[in-house]
Amino acid sequence: MLDQIIQKVIDHHPDFSYDDINEICQEFLDEQPAKIKEETKFKRLNKFLEKEFELSECSIHQHTTKDYSLETIPKYLFTGKTQIASSLITIKGLVKNIERTELFNKADFQINKTDKIALIWKNWAGKTTLLKMILDSDEDLQPEYGTIDLASGLKIGYLSQDLFWENTNNTLREEMDNIFPEINQKIARLNEIQNDMDLWDETEQLNKDLAEIDGFRKFELQHEILKYFGFSDEQLDFNVLQLSGWEQTKVQIAKFLIQEVDLLILDEPTNHLDINGIVFLEKFCQNWKKALLSISHDIKFINNTSNKIAEISNKKINNYPGNYEEYLIQKQEKFDELDRNYKNQQRELDKTNDYINRFRANSCKASSVQSRIKALEKIDILEKPENESQVNDIHVELDKRLPEIIMKLHKLEVWYDYPIVTLPEYLEVNKSDKIWIIWENWAWKTTFLKTLLWELKLLDGEIDINETLKIWSYSQVLADLNPENDILTELLKDHDNETQIRTMLWGLLIQWDKVEQKIKTLSGWERAKVALTKMLLVKPHIIVMDEPTNHLDIHSKQVIKNMLLNFEGTTLIVSHDRDILEAISNKIWLVKSGFLNEYRETERAFAEIWWE
């Protein structure tokens with residue numbers, strides 16, 4: 001309750017800080033007689049502040065008209081009142097092996113109170129293990145050497161890819177009531193006995209206990225916070241699994257917010273969100289003034305929410321100030337410096353070795369030769385640096401010249417058991433089109449794509465596609481991979497040039513020594529790359545892709561981005577990856593409220609739809 005009162009004053013007088021108003025309130029409350037009820041003290045405080053700060057005639061406590069939105073969430077929930085003065089997490093000299101694979105070797109990492117860090121990596125190496133070591137106390141996950149120190153009293157909110165519920169049978173109301181069980185029990189008891197004069201002492205003690213832990217405010221917030229995230233009162237009685245994936249994510253974030261965690265960890269938070277959800281989450285992270293660690297491969301999200309980059313590379317954790325774009329500049333500068341030092345040393349070594357080889361048999365130069373040999377033995381030889389910022393290029397050449405018009409859609413309605421989306425009366429897809437299909441909430445997007453591919457029967461309208469064109473669906477290729485085949489056998493089924501296969505796999509960052517590994521043993525991102533390779537090797541004329549980058553790391557996504565930029569055929573892509581799609585798309589189909597609208601000016605579409 002006190003925090004709400006303070007926030008109301010700050011809303012009217014933003015020149016005052018939280019601590020300023022809190023100090024005034026505490027002085028006033030300390031002056032009140034000890035025997036007065038807590039509720040009475042707060043009523044007196046209300047009146048005092050209304051007069052002192054010339055607030056509205058309406059009591060702060062009775063203020064009823066509220067605008068619930070992300071922007072109106074009380075600011076103190078984003079700033080917090082942590083007592084931790086030093087860093088939240090400090091990792092020093094970390095050495096960690098999983099079986100025979102060395103993941104970290106003398107790695108250092110630190111998270112401070114207001115850091116917004118994006119953790120990035122190549123091919124997922126070490127990310128999951130690092131998180132588990134921070135979050136778990138399991139002895140199997142402890143480092144071989146080094147230390148992981150968490151500040152005393154540190155509260156962490158971890159938003160995992162697999163959302164956690166106290167009980168999947170719970171309603172949303174029951175789930176929220178589990179946040180502060182002690183407070184709920186005390187309030188329930190207080191309501192039960194507050195009019196019983198024989199239990200006056202217990203009533204006073206309960207009021208005192210609740211005031212000390214800010215219980216009245218937290219009790220009100222545990223349901224009210226959901227209104228700020230767009231939930232209705234009716235949804236409180238929904239089973240938690242009735243909520244959409246995005247709604248479930250918002251509930252978890254709301255819980256962390258009112259629990260006032262010191263560090264929020266987001267593990268691939270954008271993977272299953274539509275773009276409206278991603279933009280909402282970005283705004284939330286921008287409002288969040290405490291520590292944030294996001295594990296993401298969404299470049300736009302990283303740029304908009306981070307002020308530091310922590311990169312897992314070469315068994316170390318390298319730290320860069322700034323967002324992803326600034327990180328790329330710094331990383332290239334670092335490579336250029338290492339490359340210069342390496343080349344300079346190689347030149348000096350070559351000169352020295354030439355001298356030694358030339359005069360080794362010359363007795364007059366023996367002393368000089370020996371001194372150079374000894375000097376060489378003392379030199380720390382620099383390793384040739386790898387330019388990890390360099391992106392491989394994959395070129396897919398077409399085997400024929402495409403007709404100007406690729407596809408015609410006449411009066412098309414997409415159905416399941418009822419109409420899902422209605423298209424304009426006539427739509428035309430041209431050979432140069434790179435169409436970004438944006439779906440408002442992802443519902444039925446797969447049905448829509450299957451309809452375009454003739455995999456589902458049309459109930460109304462017509463689709464005309466040139467029958468000589470090769471249309472390939474990434475999702476279908478991925479689903480059709482034979483798990484018992486090794487990579488090379490699978491790809492040789494449709495393509496007989498092993499050299500081209502190996503070249504494309506290398507371009508997609510799959511090492512050649514993996515080609516004999518069975519599909520079923522591959523990770524999700526490795527299977528995704530095999531499916532992309534299989535699709536591209538047949539030189540398709542039209543590519544249809546449903547979330548093609550979901551399982552790829554940032555570097556691999558940049559390879560796909562370059563490939564799509566260079567692809568001379570037609571693409572239709574459903575995706576929430578703004579970095580890639582803003583770079584390649586020249587047309588947008590927005591599916592919203594059951595209708596598809598076409599935008600030919602992409603910049604205007606971006607401005608109208610969400611983020612500007």
- [ ] Look at the rings of F229 and F280 and say which category their plane angle falls in: under 30° parallel, 30 to 60° tilted, over 60° perpendicular.
- [x] tilted
- [ ] Give the ring-plane orientation class for Y426 versus H410, where under 30° counts as parallel, over 60° as perpendicular and anything between as tilted.
- [x]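 Y426 vs H410 ring planes: tilted.
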Can you list everything that forms a side-chain hydrogen bond (donor to acceptor under 3.5 Å, both in side chains) with [X]? Sequence neighbours excluded, please.
X    : value
K315 : E102
Q332 : D336
Q476 : D480
N566 : none

TODO: Would you check, one step at a time, whether the test side chain to side chain donor-acceptor pair (under 3.5 Å) holds for N304 with E282?
DONE: CA-CA 7 Å; N304 292 336; E282 280 181 0; 3.1 Å; yes
Between [X] and [Y] (salt bridge meaning N to carboxylate O under 4.0 Å), is one present in this structure?
X    : Y    : value
D115 : K308 : yes
R600 : E598 : yes
K470 : D399 : yes
E462 : K408 : no

Task: I519 side chain reached by D486 side chain, heavy atoms, under 4.5 Å - done: no
Between [atom1] of [X] and [atom2] of [Y], what distance do you get to the nearest 0.5 Å?
X    : Y    : atom1 : atom2 : answer
I580 : I573 : CD1   : CD1   : 8.0 Å
L172 : N239 : CG    : CG    : 9.5 Å
I312 : L103 : CD1   : CG    : 8.5 Å
L453 : I465 : CG    : CD1   : 7.0 Å

Would you confirm whether [X], through its side chain, and [Y], through its main-chain N or O, come within 3.5 Å as a donor-acceptor pair?
X    : Y    : value
K434 : G569 : yes
N314 : K316 : no
Q248 : G245 : no
S296 : D298 : yes
H541 : L398 : no
D433 : N430 : yes
S306 : N303 : no
K116 : W288 : yes
H495 : V538 : no
R578 : K300 : no

TODO: Might you work through the side-chain contact (heavy atoms from CB on, under 4.5 Å) test for L469 and I406, ending with a clear yes or no?
DONE: CA-CA 8 Å; L469 300 179; I406 300 294; 3.7 Å; yes
Of all residues at least two apart in sequence or in a different chain, which pass the side chain to side chain contact (heavy atoms under 4.5 Å, CB included) check with [X]?
X    : value
N170 : E166, N167, E174, E175, N178
T499 : N497, T503
E601 : R604

Open item on the list: Assess the residue pair S556 and K529 against the criterion (side chain to side chain donor-acceptor pair (under 3.5 Å)); give the C-alpha distance rounded to whole Å, side-chain angles, the decisive distance to 0.1 Å, and a yes or no.
Closed with: CA-CA 9 Å; S556 300; K529 291 179 180 181; 2.7 Å; yes
- [ ] Report the C-alpha distance between L273 and H576 in whole Å, list the side-chain angles of each, state the deciding distance to 0.1 Å, and finish with yes or no for side-chain contact (heavy atoms from CB on, under 4.5 Å).
- [x] CA-CA 8 Å; L273 302 184; H576 61 235; 5.7 Å; no
List the residues meeting ring-ring contact (aromatic ring centres under 6.0 Å, His included) with [X], not counting sequence neighbours, and say none if there are none.
X    : answer
Y474 : none
Y158 : none
F301 : none
F109 : none

Open item on the list: Heavy-atom count check: over 12 atoms from other residues, nucleotides or ligands less than 6.0 Å from E71 CD?
Closed with: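 Yes, the 6.0 Å shell around CD holds more than 12 heavy atoms from other groups.
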Task: Residues, nucleotides or ligands: over 12 heavy atoms within 6.0 Å of E484 CD - done: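 Yes, CD of E484 has more than 12 neighbouring heavy atoms, counting only those of other groups under 6.0 Å.
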Return yes if a side-chain donor-acceptor contact under 3.5 Å exists between [X] and [Y], otherwise no.
X    : Y    : value
Q286 : K283 : no
S232 : K227 : no
E247 : Q242 : no
T468 : N466 : yes

TODO: Give the intermediate values and the outcome of side chain to side chain donor-acceptor pair (under 3.5 Å) for residues T249 and Q252.
DONE: CA-CA 5 Å; T249 298; Q252 299 289 352; over 6 Å; no
Task: Intermediate values then yes/no, salt bridge (charged side-chain N to carboxylate O under 4.0 Å, His left out), E568 and K431 - done: CA-CA 8 Å; E568 296 177 355; K431 66 178 182 181; over 6 Å; no
Task: Set of residues satisfying salt bridge (Lys or Arg N to Asp or Glu O under 4.0 Å) with respect to E311, sequence neighbours excluded - done: K331
- [ ] Walk me through it: do F284 and F78 pass the test ring pair (Phe, Tyr, Trp, His ring centres under 6.0 Å)?
- [x] CA-CA 9 Å; F284 176 89; F78 289 108; 5.4 Å; yes
Open item on the list: Determine whether L481 and V530 satisfy the following criterion, side-chain contact (heavy atoms from CB on, under 4.5 Å), listing intermediate values before the conclusion.
Closed with: CA-CA 9 Å; L481 292 178; V530 173; 4.1 Å; yes
Task: CA sep, side-chain torsions, deciding dist, call: D267, K127, salt bridge (charged side-chain N to carboxylate O under 4.0 Å, His left out) - done: CA-CA 10 Å; D267 188 0; K127 180 266 293 188; 3.3 Å; yes
Task: Cation-pi geometry met for K587 and Y599 (6.0 Å, 45°) - done: no
Open item on the list: Test side-chain contact (heavy atoms from CB on, under 4.5 Å) on L596 and T422; report intermediate values, then the result.
Closed with: CA-CA 6 Å; L596 185 150; T422 300; over 6 Å; no
